[in-house]
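All remarks here apply to the structure that follows.
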Amino acid sequence: MATQFTHTQADRLVGEAFAMRAPLAAWWQSHARDLPWRFGRTTPWGVLVCEVMSQQTQMSRVVPYWEAWMERWPDAAALAGAAKSDVITAWGRLGYPRRALRLQECAKVVADEYDDRLPDDYDRLVALPGIGDYTASAVLSFAFGRRIAVIDTNIRRVLSRAFLGEESLGGSATPAERELARLVLPGDARASVTWNQAIMEVGATVCLPKTPQCDDCPLAAACLFLELGWPHLGQRRTRPRQRFAGTDRQVRGKILHALRELPAGSVLAYDDAAALWEDRVQLDRCIASLDEDGLIEIVDGHALRLPR
DNA sequence: TTCCCGGGTC
DNA sequence: GACCCTGGAA
């Protein structure tokens, strides 16, 4: 990996990060949201479930789903043995339901290959279905207390603003962003976990994309972005706007929602599905793609149901 | 009404 | 680089 910063720059970054640690840790103590998977109240598997659910949904919406999910399927083995239809139904309206199926696939591997215990090394975690770089790193840091840089868009935004004085660009994380995250991470494992959680929390609640709340920010005293007067604030959104209305995603959501509302095991007649959407070509395409994804089954060539 | 703006897969 | 979902906030 090529070095992105000069020795002088790296020294400055490490020094500034060290100065931020105490105020950031103090802020975390008093401002961390009391989410049920925090502060050692769940298992590594519970942390993984919460991270997968939070990949796509605000924490406030995740909380009730996570609590019901963990009560019903407390560990990987329990989830591995569940009916797919139950898994899809319990995922409810969290969104992106293919992830519910991947989470169950992940549970099967953990139960079968790892004796129902989540592996605690990066290579094995990232090889699990539905687990990429972010989730593997988050589990290592938050569940196992390892020292590893966690990189998501919140953390990228906060670090880029505070240390470089600029907005994080769109797309995937750059080598420079990854090196920055590694440079500023405290050397002590416990301190690194607090750092990761607190930086992420600042990004979620204070250092917002369009409206940073600098008056409430524990990093304000050292923040280069604030010092420079918010240059090009919000200039680059993390990715081009993704519309929803009228897309296949909306149609797929309507079909699955109708199926979840049905009594368990019952079938949705094609005519009832057709009533959900005017464009028959698009409807048929979405039915086919849901079938390919394993989210529905087609019965007698026509009616729909959730897979067993 | 528009905005929010996610990580993983193929 | 395209695709996958949602509902509450602004």
Side-chain angles (χ1 to χ4, degrees), chain A residues 47-66 87-106 109 122 125-142 149-158 160 167-174 177-178 181 196 200-201 203-213 233-261 276-277 282 285-296:
Chain A
V47 171
L48 183 143
V49 171
C50 128
E51 291 302 337
V52 170
M53 288 181 169
S54 310
Q55 283 167 6
Q56 60 210 22
T57 309
Q58 290 131 332
M59 294 290 192
S60 55
R61 285 180 59 209
V62 165
V63 170
Y65 283 96
W66 182 87
V87 171
I88 294 165
T89 302
W91 195 256
R93 310 208 76 169
L94 277 173
Y96 299 107
R98 290 191 302 186
R99 291 170 194 229
L101 296 186
R102 290 204 196 106
L103 184 57
Q104 189 183 32
E105 289 308 305
C106 176
V109 176
Y122 182 90
L125 282 170
V126 84
L128 293 169
I131 307 303
D133 171 73
Y134 163 73
T135 308
S137 304
V139 166
L140 283 173
S141 180
F142 305 149
V150 176
I151 303 189
D152 75 337
T153 51
N154 279 330
I155 289 183
R156 288 171 64 194
R157 183 175 61 253
V158 174
S160 181
E167 292 286 28
S168 171
L169 300 176
S172 44
T174 64
E177 285 179 320
R178 294 188 175 280
N196 282 329
M200 198 179 299
E201 190 82 341
T205 64
V206 176
C207 193
L208 306 176
K210 292 270 178 77
T211 52
Q213 314 288 302
L233 173 69
Q235 182 195 38
R236 294 287 230 117
R237 46 173 80 257
T238 53
R239 66 184 61 188
R241 175 151 174 69
Q242 220 173 2
R243 75 205 154 79
F244 176 61
T247 61
D248 286 4
R249 300 194 336 271
Q250 183 181 24
V251 181
R252 287 165 56 106
K254 276 181 182 292
I255 296 168
L256 272 189
H257 182 57
L259 282 167
R260 279 192 300 257
E261 295 295 293
L276 298 170
W277 198 253
Q282 187 176 22
R285 182 171 70 232
C286 289
I287 289 173
S289 73
L290 285 168
D291 181 40
E292 281 168 30
D293 287 344
L295 285 162
I296 66 170

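Reckoned from all heavy atoms, side chains included, excluding hydrogens, waters and symmetry mates. Note that this is a predicted model, so its numbers are computed, not measured. Protein chains get the first letters and strands the later ones, always in sequence-line order, with residue 1 at the start of each.
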Inset, instruction - Round to a whole Å and report the spacing from CZ of A:Arg61 to P of C:dA9. - result: 11 Å
Inset, instruction - Look only at the side chain of A:Arg157 and the backbone of A:Gly203, and say whether a donor-acceptor pair between them is shorter than 3.5 Å. - result: yes
Legend entry - Spacing of A:Gln250 atom CD and A:Leu276 atom CG [to the nearest 0.5 Å]: 11.0 Å
Legend entry - Modelled atom types, side-chain donor and acceptor of A:Ser168 and A:Glu177, under 3.5 Å: yes
Legend entry - Atom-pair distance (CD on A:Gln58; P on C:dA9), nearest Å: 9 Å
Legend entry - Presence of salt bridge, A:Arg178 and A:Asp133, under 4.0 angstrom: yes
Inset, instruction - Quote, to the nearest angstrom, the C1' distance that separates C:dC5 from B:dC4. - result: 13 Å
Legend entry - Pair A:Thr135, A:Gln55: side-chain N/O donor-acceptor within cut-off below 3.5 Å: yes
Inset, instruction - Mark yes or no for whether A:Gln56, through its side chain, and A:Gly95, through its backbone, hold a donor-acceptor pair below 3.5 Å. - result: yes
Inset, instruction - Starting at atom CD of A:Glu292, determine the distance to atom P of B:dT9, rounded to an integer number of angstrom. - result: 19 Å
Inset, instruction - May I ask you to say what A:Arg285 touches in the nucleic acid, namely base, sugar-phosphate or nothing, with a heavy-atom cut-off under 4.0 Å? - result: nothing
Inset, instruction - Determine the interatomic distance between C1' on B:dC5 and the same-named atom on C:dA10; round to the nearest Å. - result: 14 Å
Inset, instruction - Take the protein atom CD of A:Gln56 and the nucleotide atom P of C:dC4, then report the distance between them rounded to whole Å. - result: 14 Å
Inset, instruction - Assign A:Asp248 to base, sugar-phosphate, or nothing according to its heavy-atom contacts below 4.0 angstrom with the strands shown. - result: sugar-phosphate
Legend entry - Gap between atoms CD and P, on A:Gln250 and C:dC5 respectively (whole Å): 12 Å
Legend entry - Residue whose nearest DNA chain B nucleotide is more 5′ - A:Val126 or A:Leu208: A:Leu208
Inset, instruction - Return the stems involving DNA chain C, sorted by first number, where pairs are Watson-Crick (N1-N3 with N6-O4 or O6-N4) or G-U wobble (N1-O2 and O6-N3), both under 3.5 Å, and runs are 3 or more long. - result: B:1-4 with C:7-10, B:7-10 with C:1-4
Inset, instruction - Quick one: label A:Thr135 by what it contacts on the DNA or RNA (base, sugar-phosphate, nothing), any heavy atom closer than 4.0 Å. - result: sugar-phosphate
Legend entry - Distance test, side-chain N/O of A:Lys210 to OP1/OP2 of B:dC4, below 4.0 Å: yes
Legend entry - Protein-nucleotide distance (A:Leu169, atom CG; B:dC5, atom C1'), rounded to Å: 16 Å
Legend entry - Nearest-nucleotide pick for A:Gln55, side chain only, options being B:dC3, C:dC5, B:dG8: B:dG8
Inset, instruction - Tell me what A:Arg102 touches on the nucleic acid: a base, only sugar-phosphate, or nothing, going by heavy atoms under 4.0 Å. - result: sugar-phosphate
Inset, instruction - Have a look at A:Ile131 and say if it touches a base, only the backbone sugar-phosphate, or nothing, with a 4.0 Å heavy-atom cut-off. - result: sugar-phosphate
Inset, instruction - Take atom CG of A:Leu128 and atom P of B:dG8, then tell me their distance rounded to the nearest Å. - result: 12 Å
Inset, instruction - For C:dT6, take OP1 and OP2 only and decide whether either is under 4.0 Å from a side-chain N or O of A:Arg260. - result: yes
Inset, instruction - Using modelled atom types only, decide if a donor and an acceptor are shared between the side chain of A:Arg156 and the backbone of A:Leu169 within a distance under 3.5 Å. - result: yes
Legend entry - 5' priority, DNA chain B, between A:Pro129 and A:Pro209 [closest heavy atom]: A:Pro209
Inset, instruction - Return the value, rounded to whole Å, for the distance between atom CZ of A:Arg249 and atom P of C:dT6. - result: 9 Å
Inset, instruction - To the nearest 0.5 Å, tell me how far A:Ile155 CD1 sits from A:Tyr134 OH. - result: 7.0 Å
